[in-house]
Structures are given as C-alpha cells and as structure tokens.
Amino acid sequence: MSEQRALDAVAASGLEHTVTRHGRVGSLQEAAEARGVRPRDVVKTMVVRRGEGDHLFVLVPGDRQISWPKLRALLGVSRLSMPDAEGAREATGYARGTITPFGSTTAWPVVADDTLTGDRDRTISLGAGAHGVAVTVNAEAVLASLDARVADVTEPEGPEAR
C-alpha cells in the first residue's frame, strides 16, 4: 500500500510529524480545515518532467501555483511538462493527488518554493501516499530532510496572477 510506504519513509526520516486521515475533500479550504492548518500550509507535491526518465518534485504552497518561467530559469531548461496520470505513477509510485517525495519509487530532486521558509515554527501539511492522508511537519525541518533546493518558483494562484 502506498500510504504505508510514505508513512514508513516519513518515520524513517526521524522527522517529528502528525498523521491526519480525513477522507476526500472538495477544496483547499476543506483540506486545510481537516488538517488543522491554513490553506497556504497545505503543500502540493507536483511531479515535473524535465525529459525522458528525468523528473523532480516541486513543493508548492496551497494558495500558489508553479511559475513555469521561474522554474525553467532556475533549472536552466527551455521546456518542462507535467506527466499524465500514468506517467506520474510510473515516476513516483503514487497516484495523482497522493504524490509525496516520501517513499517515492525514485528519489527525485526536490525544489521548494521560498515562501515555505523563514519561519522556524511554521508547520506544513503534505500528502502521504493516499487520498485523505497527510503528514503535518515543521516546514524548515522537512525541507532540510528532503535536501530541497529552495527558490522563488511560484506565483499566487488565480487569474489575477497571469
């Protein structure tokens, strides 16, 4: 079961964490309420394809979205894409909506948006391998544990950001 793989990986990391099981939710606000965090602290793990067999994880705060020009510039590439559902599963071992760097079948590099840093007491909630399962962890500690490359790679979500 992918949930157990993810939770075992979080436990093995030594990170202090809380597991929340809340079932499926219909919105970012519902997810935040179920997990006891603010919407911006529900962190989406996006798998991004750089090329054939070459992916990375991008950690995106709930109220933000990837800025493709910023991410391409950071990585020094002219093209990036999101794999389809089957490609994401092949790359990570997880279904879309459940993807996490923890326990991924391949340990892809992690890029985290810089808005996740700067507050040593901030906690964030990441998916944990199954729909409606999440882990809440200290933001700074999880980014260090994942050896995340921290950079400005997102923009506010919504039409006004375009």
Side-chain angles (χ1 to χ4, degrees), residues 1-22 28 31-32 34-51 53-77 80 82-83 88-89 91-157:
M1 177 195 281
S2 58
E3 170 188 339
Q4 195 58 53
R5 188 173 70 242
L7 295 176
D8 288 348
V10 173
S13 74
L15 288 167
E16 189 174 315
H17 65 282
T18 303
V19 177
T20 305
R21 287 181 175 82
H22 56 72
L28 172 62
R35 298 175 186 189
V37 297
R38 296 171 293 192
R40 71 184 194 104
D41 295 328
V42 173
V43 175
K44 302 172 279 193
T45 301
M46 312 299 287
V47 61
V48 175
R49 183 179 182 274
R50 283 190 281 200
D54 183 16
H55 297 81
L56 65 138
F57 293 113
V58 182
L59 302 182
V60 179
D63 61 348
R64 299 181 70 82
Q65 62 190 10
I66 292 175
S67 167
W68 294 102
K70 290 178 183 180
L71 186 58
R72 285 192 303 267
L74 175 74
L75 300 173
V77 298
L80 294 168
M82 299 284 289
R89 183 183 292 278
T92 67
Y94 295 118
R96 272 200 187 149
T98 73
I99 295 172
T100 177
F102 290 103
S104 173
T105 52
T106 302
W108 301 112
V110 177
V111 173
D113 188 60
D114 65 359
T115 61
L116 294 170
T117 63
D119 178 354
R120 293 182 307 161
D121 298 323
R122 182 177 180 185
T123 58
I124 59 174
S125 181
L126 298 163
H131 290 286
V133 181
V135 291
T136 302
V137 293
N138 176 275
E140 299 282 341
V142 76
L143 297 182
S145 174
L146 294 170
D147 194 26
R149 181 175 182 184
V150 177
D152 176 13
V153 294
T154 68
E155 60 193 13
E157 194 162 84

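Because only heavy atoms are used, hydrogens play no part in the values below, and waters and symmetry mates are left out as well, while side chains stay in. By convention here, the first residue in the shown sequence is residue 1.
Looking at every heavy atom in both residues, T105 comes nearest to G93 through OG1-N, 3.4 Å. In plain terms, the two heavy atoms of S104 and F57 that are nearest each other are OG-CZ, 3.5 Å. Between F102 and S145, the shortest heavy-atom distance links the atoms CE2-OG, 4.5 Å. The two atoms that bring W108 and H55 nearest to each other are CE3-O, 3.2 Å, heavy atoms only.
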As a quick check of understanding, evaluate side chain to side chain contact (heavy atoms under 4.5 Å, CB included) for W68 and M82, giving each step before the final call.
CA-CA 11 Å; W68 294 102; M82 299 284 289; 3.6 Å; yes
Stepwise, does the side chain to side chain contact (heavy atoms under 4.5 Å, CB included) test hold for V142 with L116?
CA-CA 10 Å; V142 76; L116 294 170; over 6 Å; no
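D114 contributes no side-chain N or O that, together with a main-chain N or O of V150, makes up a donor-acceptor pair within less than 3.5 Å. Between the side chain of R49 and the main chain of P83, no donor-acceptor pair closer than 3.5 Å is present. Side chain of K44 to backbone of R64: a donor-acceptor contact under 3.5 angstrom is found.
With contacts defined as side-chain heavy-atom distances shorter than 4.5 Å, the pair L59/L146 qualifies. A heavy-atom distance below 4.5 Å is found between the side chains of L56 and L75. By the 4.5 Å heavy-atom criterion applied to side chains, D41 and T123 are not counted as neighbours.
One finds the CD1 atom of I99 at 4.5 Å from the OG1 atom of T92 (value rounded to the nearest 0.5 Å).
Atom CG of D119 sits in a crowded spot, with more than 12 heavy atoms from other residues, nucleotides or ligands closer than 6.0 Å.
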